[in-house]
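In this text, all values refer to a predicted model and were calculated from it rather than measured experimentally. Both ligands and their constituent atoms are indexed starting at 1 by order of listing.
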Amino acid sequence: MSKFSIKIPFNKPWFGDLEMRNISGAASFGHLSGNGVYTQKSQAFFEEKYGFKKTFLTTSCTDAIEMAVILMGIEKGDEVIMPSYTFVSVTNPFLIQGANIVFADSMPSHPNIDLDKVESLITEKTKVLMVMHYGGVACDMEKAVHIAQKYNLILIEDVAHAIDATYKDKALGSFGQFSVFSFHETKNIHCGEGGLLAINDESYIKRAEIVWEKGTNRTAFSRGEVNKYEWVDLGASFLPSELIAAVLYAQLKQMDEIQSKRVALWNQYYKRIKPLHDKGLLELIELPEYASHNGHLFYLIMKNEQDRNQLLEYLNNNAIQAVFHYLPLHSSPFYKDKHDGRQLAHTDSFASNLIRLPLFYELSVEVVDMICDTVLRYFDKPAN
Ligand SMILES: *Cc1c(COP(=O)(O)O)cnc(C)c1O
């Protein structure tokens, strides 16, 4: 039986007074559809702070990818290389256009894509290399950019975990022609559901405005550049409402506070769990020298799936909601028959051995200490 009456959740999305005030603000402006004041302020925030050439707020990260897929002109038979150890929805926009996904393995020491293995997967049909910065820790972007340039591939960065994190002091999201962000409630900065497409290659920007606005030239119309707005290209309804953008902008204003709290909690976890790592009882996150991180998630790697599940159960019995993820995409029910049969051993091993501990803005130092005590106690017990 649990001795705690309240369970510590895995995540609790932050929603404060500023978020509420901005929603009222948006309502009072009388413009609730997309591309109003808060959308433009949020986009400007990303362009100014990180130097992205142009950004578009979208209803999700998945949608931002869908927009990029239209802009890249992905066609049937094109090949897209991406990690198998990632969130499931990022594959769909490519598959809808008839592309094939070629899944790459993770690095032995980190869930990020193993860029040393990518070149052997490239064929004449390869069009895109998509990398994902797992847990806010950068992939080796010099390597990724080098491969993309050498083989003339379009590079996309999935920055869903990695807002405000860097590779050699340069913002993640500024290396690829495209990069995509998520503001789902499980991410560091959120608005319930939301996303952003950042475009760093200017040649795509003009068309992106049209694709974003349902295939119309409405953005140019609202700037007074054309005297009527018409259907001029393909597109979809990618814009979130101003109510959503108002919440996002409130969070962006609080970003430094949110990030520094998360990083402090992350450091606290690391310090307290490190002795278990030093005794060889588990593996911890490896931070390469080139990467900063943003306290997106804290994980432990157990020796095998059975150990992992036992620790999960122990934490749950002690009122701590810990979780695992991701199920490998190459062996998913939808893709296993389409995968080329390569073993992706590191992906499989992270999927079965990794466990994530609660980490969110409102979590207190005391509660993190209590969670660490519980983890340490688990390892103290002889033969669980
Ligand atoms: C959350 C997440 C996504 C999807 O984001 P949505 O906004 O829910 O579409 C994509 N990639 C990664 C790595 C994620 O964690």
- Query: Exactly which residues line ligand 1, taking a heavy atom under 4.0 Å from it as the test?
  - Reply: Ser60, Cys61, Thr62, Thr86, Phe87, Ser89, Val90, Met132, Asp158, Ala160, His161, Ser182, Lys187, Gly194, Tyr326
- Is Lys170 positioned over the aromatic face of Phe175, cation under 6.0 angstrom from the ring centre and no more than 45 degrees off axis? yes
- For the residue pair His325 and His161, categorise the inter-ring angle as parallel (less than 30°), tilted (30 to 60°) or perpendicular (more than 60°). parallel
- Parallel, tilted or perpendicular, as decided by the 30° and 60° cut-offs, for the rings of Phe181 and Phe183: parallel
- Query: Can a cation-pi geometry be assigned to Lys12 and Phe360, taking NZ or CZ under 6.0 Å from the six-membered ring centre and within 45° of the ring axis?
  - Reply: no
- Task: Is it possible for you to check whether Lys274 lies under 6.0 Å from the centre of the six-membered ring of Tyr270, through NZ or CZ, and within 45° of that ring's axis?
- Result: no
- Is the cationic atom of Arg356 (NZ for Lys, CZ for Arg) positioned less than 6.0 Å from the six-membered ring centroid of Phe298 and within 45 degrees of its normal? no
